[in-house]
Student: 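Can you read through this structure? Questions will come right after.
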Amino acid sequence: PYCEEVDPAEAKDISAILESARCLENRALRYYTDASVKMKALSEVARALKLIGKKHTAHLKKLDTL
């Protein structure tokens, strides 16, 4: 569920590129959030995955300002 084909960016306009970036960031955020829940038994790993997820949340906020 985390893998999908992405079209090359050379034939897209800026709005389509931003939408693709949002889609990629949302998928990454979902991946790291799901992984941190599954790795709950390994607290340090789960914490690291949550931190990476927070970084993707920050990237999404930055994309929303563009």
Side-chain angles (χ1 to χ4, degrees):
Y2 302 107
C3 297
E4 70 180 56
E5 294 275 330
V6 178
D7 295 332
E10 57 193 59
K12 294 183 177 182
D13 63 348
I14 190 70
S15 63
I17 293 170
L18 287 173
E19 186 58 36
S20 293
R22 282 186 193 96
C23 179
L24 291 171
E25 288 296 335
N26 277 321
R27 186 175 60 225
L29 175 61
R30 193 176 75 237
Y31 175 83
Y32 288 111
T33 303
D34 291 351
S36 70
V37 170
K38 291 179 181 180
M39 300 296 284
K40 203 172 199 174
L42 301 171
S43 62
E44 288 185 32
V45 175
R47 201 169 335 158
L49 292 169
K50 285 181 186 177
L51 179 64
I52 294 170
K54 286 181 183 180
K55 290 180 181 180
H56 285 284
T57 301
H59 293 165
L60 278 170
K61 287 180 183 178
K62 194 180 288 187
L63 283 171
D64 287 339
T65 63
L66 298 177

Student: Rounded to the nearest 0.5 Å, what separation is found between the CG atom of L29 and the CG atom of L24?
Tutor: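 Nearest 0.5 Å value for the CG-CG distance: 12.5 Å.
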
Student: Decide whether I52 and L42 are clustered together by the hydrophobic rule: side chain heavy atoms of Ile, Leu, Val, Met, Phe, Trp, Tyr closer than 4.5 Å, transitively.
Tutor: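 Yes; L42 is reachable from I52 via cluster members.
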
Student: Does anything in residues 24-40 form a salt bridge (charged side-chain N to carboxylate O under 4.0 Å, His left out)? List the pairs, not counting sequence neighbours.
Tutor: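 Residue pairs with at least one partner in residues 24-40: E4-R27.
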
Student: Calculate, to the nearest 0.5 Å, the distance between atoms OG1 and NZ belonging to T33 and K54 respectively.
Tutor: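 Rounded to the nearest 0.5 Å, the OG1-NZ separation comes to 10.5 Å.
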
Student: In terms of relative ring orientation, are Y31 and Y2 parallel, tilted or perpendicular, with 30° and 60° separating the classes?
Tutor: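 Ring orientation of Y31 relative to Y2: perpendicular.
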
Student: Look up atom CG in L60 and atom OG1 in T65, then write down how far apart they are to the nearest 0.5 Å.
Tutor: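 The OG1 atom of T65 is 11.0 Å from CG of L60, to the nearest 0.5 Å.
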
Student: Measure across L63 and R22 and return the closest heavy-atom pair with its distance rounded to 0.1 Å.
Tutor: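 Shortest heavy-atom contact: O-NH2, 3.2 Å.
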
Student: Atom CD1 of I17 and atom CG of L66: how far apart are they, to the nearest 0.5 Å?
Tutor: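 Going from CD1 on I17 over to CG on L66, the span is 12.0 Å.
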
